[in-house]
There are 2 protein chains.
Amino acid sequence: MDNTSRVTTALRECHLKVTKHRVNVLKILIRAQKPLSADAIYHLLMTDRQSIDLSTIYRILETLAEKELVIKVTFENEVKNLYEYNHQIHHHFLICLSCNQITKVESCPLRDYEELVSEKMKFRVIGHKLEFYGYCEDCQKKQKYS
Amino acid sequence: MDNTSRVTTALRECHLKVTKHRVNVLKILIRAQKPLSADAIYHLLMTDRQSIDLSTIYRILETLAEKELVIKVTFENEVKNLYEYNHQIHHHFLICLSCNQITKVESCPLRDYEELVSEKMKFRVIGHKLEFYGYCEDCQKKQKYS
DNA sequence: GTTCCTGCAAAGCGTTTGCAAGATA
DNA sequence: TATCTTGCAAACGCTTTGCAGGAAC
């Protein structure tokens, strides 16, 4: 199944009308494979000669987040909210402090620890958010020679 | 050593002038034991009959964050930036999805995992950010009877 | 006296909202 | 046709900034 039909089906299942803009936004997020800002989506659409208003993008993202087709995330030192396609696969991010590149990691060390926290702190853990900040391979190389 | 002199010393060590406002902001953050917004600090000062402008608080927090006396943090679904006193002790937070209460946990399961990430992903990990979202004890009780 | 800090007012920026026109079902 | 979606313009809330007066060193 290609992305267009995948996205169309997803929208129908959520009882949302299938509009050009919604399809485009979802396809962009799938292709990106990482969180994007409303603004970034706007520019990608513009580059692709798709006219759309920024406020429409915000409304679309809000709606999609409500239906859990996308996930809204915020990172440290990033003013804008970012939105990622919800692949339903638990993951974390590596965020390069130098170039800000975001890389996904699909392994997670926290399953056991969550139980421990639940017991010790009497806090019922529903989820967690974990990011690693540091330097990606490229930036490490650049730093060596600068 | 009481908080006033602790804070005064810290400011001097950072070559910052010791002003009433800076001392007050730092003391509030120490007392709070959790991250506060600029706005929250403003209201605490006002309640204490200390007149100050919001922009001054932002400037103070920015300066203190630069000198690493405080840490600027952002949480999911929280529009405002929060600032916490930097106790230099590694910790994480439990964030209640119901009442938004923030609780500190000082244990951390990630030291070993960071090494793994460094090796496997060729990403030099400098730090990480981890929060647990769920329900605190009080909210769990309330949910039972509602 | 010099440098840094602060209050005030205004602007900046990301995001949200009201409303009328337009598209989807 | 009824309902939902969109573009446009304006407003909103948090944060930053310019500038002149004031405080710390």
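The shown structure was predicted, so the numbers you read here are calculated from the model rather than taken from an experiment. Heavy-atom basis, side chains included; hydrogens, waters and symmetry copies ignored. Naming: A, B, ... by sequence-line order, numbering from 1 per chain.
Between Glu78(B) and Lys80(B) there is no salt bridge, since none of the side-chain N atoms of the basic residue sits less than 4.0 Å from a carboxylate O of the acidic one.
Other members of the hydrophobic cluster containing Val125(B), listed by chain and number, are Leu94(A), Val105(A), Leu110(A), Tyr113(A), Leu116(A), Val117(A), Met121(A), Phe123(A), Val125(A), Leu130(A), Phe132(A), Leu94(B), Val105(B), Leu110(B), Tyr113(B), Leu116(B), Val117(B), Met121(B), Phe123(B), Leu130(B), Phe132(B); membership follows side-chain contacts under 4.5 Å among ILVMFWY residues, whether direct or relayed.
For the pair Glu13(A) CD and dA25(C) P, the computed distance is 15 Å after rounding to whole Å. A straight line from CG of Leu11(B) to C1' of dC5(C) spans 12 Å, rounded to a whole angstrom. The interatomic distance linking Ile41(A) (CD1) with dG14(C) (P) rounds to 14 Å, in whole Å. Atom CG in Leu45(A) sits about 12 Å away from atom P in dT6(D), given to the nearest Å. Atom pair Leu54(A):CG and dG14(C):C1' shows a separation of 9 Å (rounding to whole Å applied). If you measure from atom CD1 of Ile52(A) to atom C1' of dT15(C), you get 15 Å, rounded to the nearest angstrom. Rounded to an integer number of Å, the gap from Glu78(A) CD to dC13(C) P is 15 Å. dA23(C) atom C1' lies 11 Å from atom CZ of Arg22(A), rounded to whole Å.
OP1 or OP2 of dT15(C) sits under 4.0 Å from a side-chain N or O of Asn81(A).
For the pair Lys80(B) and Asp53(B), nearest-nucleotide mapping onto DNA chain D gives the more 5' position to Lys80(B).
For the residue pair Asp39(B) and Ser37(B), no side-chain donor N or O sits within less than 3.5 Å of a side-chain acceptor on the partner. In summary, the side chains of His91(A) and Glu84(A) do present a donor paired with an acceptor at a separation below 3.5 Å, with no hydrogens or angles considered.
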Quick test: give all pairs of protein nitrogen or oxygen and nucleotides 22-25 of chain D nitrogen or oxygen below 3.5 Å, distance rounded to 0.1 Å.
residue: dA24(D); atom: N3; partner: Lys17(B); partner atom: NZ; Å: 3.3
residue: dC25(D); atom: OP1; partner: Val18(B); partner atom: N; Å: 2.9

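Applying the ring-ring contact (aromatic ring centres under 6.0 Å, His included) criterion to His90(A), with sequence neighbours excluded, gives His92(A), His128(A).
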- Task: Please assess Val70(A) against Leu26(A) for the test side chain to side chain contact (heavy atoms under 4.5 Å, CB included), listing each intermediate value before the final yes or no.
- Result: CA-CA 8 Å; Val70(A) 309; Leu26(A) 277 169; 3.9 Å; yes

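Taking the C1' atoms of five terminal pairs at each end of the helix from dG1(C)-dC25(D) to dA25(C)-dT1(D), the two resulting helix axes are inclined by 40°, rounded to 10°.
Environment of CG in Asn77(B): sparse, with no more than 12 heavy atoms of neighbouring residues, nucleotides or ligands closer than 6.0 Å.
Near-neighbour residues of DNA chain D inside residues 56-73 of chain A, defined by a heavy atom below 4.0 Å, number-ordered: Thr56(A), Arg59(A), Ile60(A). Only at 4.0 angstrom or more do the heavy atoms of residues 24-40 of chain B sit from any atom of DNA chain C, so none qualifies.
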